[in-house]
Amino acid sequence: MGFFDKIKTFVGEHGCKVEITSLERQDPTAMRFPVSDSVLKGNFKVTATKPCTVLAHKVEVGVMKKHADGREEFVTLGEDSHDEKNQVIGLDYQWPYEMKPGDVKEDGFCVVNLDLTGALRRLGFDNPSSAVTAPNLTWYVKVLADVKGTPMDADAKAHFTVVA
């Protein structure tokens, strides 16, 4: 590997890309999620752009509140991960796995015990049901592929709408 290839790898050329393909069987760009639900499921795929080793898949569901002074406050609602210690029965691969350019691996996730109303209360909303559509809130799902040898892993993020 040449000097410039090492620099590209160090600053984030991770060798694959992540794409969220569905959230709750809906298009990830238009997903609507009830504030009272406590489980969020979805699917994603990892596509190799160059040879790489994927160590894990990690999923985070959260909300970000933008304050009037520009600060951003994040609350993680739940997480799911698949790795060497959390293998998924029935997949055609196990962690860690190798990928060649053009290879595609599909995976799903199930984040449980979500407490959206509790998160809204922690963010200072007295009436969580009416706060779900506050313009300063951004609800998101972030999927990450932990790639061996890179400081910045491949990820994808989808924003969704919470409804009362």
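Values below: all heavy atoms of this structure, side chains included; hydrogens, waters and symmetry mates excluded.
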- Message: Consider side-chain contact (heavy atoms from CB on, under 4.5 Å). Of V61, T161, L114, which one does F33 pass it with?
- Response: L114

- Item | Nearest-0.5 Å distance, CG of residue N136 to NZ of residue K66 | 10.5 Å

- Same apolar cluster (I L V M F W Y, side chains within < 4.5 Å links), V75/V35: yes

- Do you know which two heavy atoms are closest between S22 and P28, and how far apart they sit? CA-CD, 4.0 Å

- Who pairs with N86 by side chain to side chain contact (heavy atoms under 4.5 Å, CB included), at least two apart in sequence or on another chain? S81, D83

- Give the minimum heavy-atom separation between A154 and V18, together with the two atoms involved. O-CG2, 3.7 Å

- Query: According to a 4.5 Å side-chain heavy-atom criterion applied to Ile, Leu, Val, Met, Phe, Trp and Tyr, with indirect links allowed, do V54 and I20 form part of one hydrophobic cluster?
  - Reply: yes

- First locate atom CD of E24, then atom CZ of F160, and finally report the distance between them rounded to the nearest 0.5 Å. 9.5 Å

- Note on the structure: residues 115-134 vs salt bridge (charged side-chain N to carboxylate O under 4.0 Å, His left out), sequence neighbours excluded, gives none

- Quick one: pull up CE in M64 and OG1 in T138 and give me the separation to the nearest 0.5 Å. 4.0 Å

- For L23 against A158, the heavy-atom pair lying closest together: CD1-CB, 4.0 Å

- Point-to-point distance, once rounded to the nearest 0.5 Å, from CG of D153 to SG of C16: 8.0 Å

- On a heavy-atom basis, the closest approach of L137 and A131 is CD1-O, 3.4 Å

Which pairs would a plain distance check flag for residues 39-47, meaning a side-chain donor or acceptor within less than 3.5 Å of a matching protein atom at least two apart in sequence or in another chain?
none

- Residue pairs passing the ring pair (Phe, Tyr, Trp, His ring centres under 6.0 Å) test with at least one member in residues 66-87, sequence neighbours excluded, are H82-W95

- Contacts of Q94 meeting side chain to side chain contact (heavy atoms under 4.5 Å, CB included) (sequence neighbours excluded), chain-then-number -> Q87

- Task: Tell me whether Y97 is reachable from L55 by hopping between hydrophobic residues (I, L, V, M, F, W, Y) whose side-chain heavy atoms are closer than 4.5 Å.
- Result: no

- Message: The criterion is side chain to side chain contact (heavy atoms under 4.5 Å, CB included); which residues satisfy it with A30, sequence neighbours excluded?
- Response: none

- Is the number of heavy atoms from other residues, nucleotides or ligands under 6.0 Å of K105 NZ greater than 12? yes

- Is there a donor-acceptor pair closer than 3.5 Å between any side-chain N or O of D103 and the backbone N or O of K100? yes

- Task: Report yes or no: do M31 and V111 belong to one cluster of Ile/Leu/Val/Met/Phe/Trp/Tyr joined by side chain heavy-atom distances under 4.5 Å?
- Result: yes

- Task: Decide yes or no for L116 and V132: does some side-chain heavy atom of the first lie under 4.5 Å from some side-chain heavy atom of the second?
- Result: no

- Message: To the closest 0.5 Å, what do you measure between CZ (R32) and CG (D27)?
- Response: 13.5 Å

- Message: Ignoring hydrogens, what is the shortest heavy-atom contact between A119 and V63? Give both atom names and the distance.
- Response: CB-CG1, 4.4 Å

- Task: First locate atom CG of D146, then atom NE2 of H57, and finally report the distance between them rounded to the nearest 0.5 Å.
- Result: 9.5 Å

- Query: What heavy-atom pair brings V147 and C52 nearest, and what distance separates the two atoms?
  - Reply: CG1-CB, 3.9 Å

- Message: If you count every heavy atom of other residues, nucleotides or ligands that lies below 6.0 Å from K142 atom NZ, does the total exceed 12?
- Response: no

- Message: Check this for me: E72, atom CD, are more than 12 non-hydrogen atoms of other residues, nucleotides or ligands nearer than 6.0 Å?
- Response: yes

- Kindly work out whether a path of hydrophobic side-chain contacts (I/L/V/M/F/W/Y, heavy atoms less than 4.5 Å apart) joins Y140 to L123. no

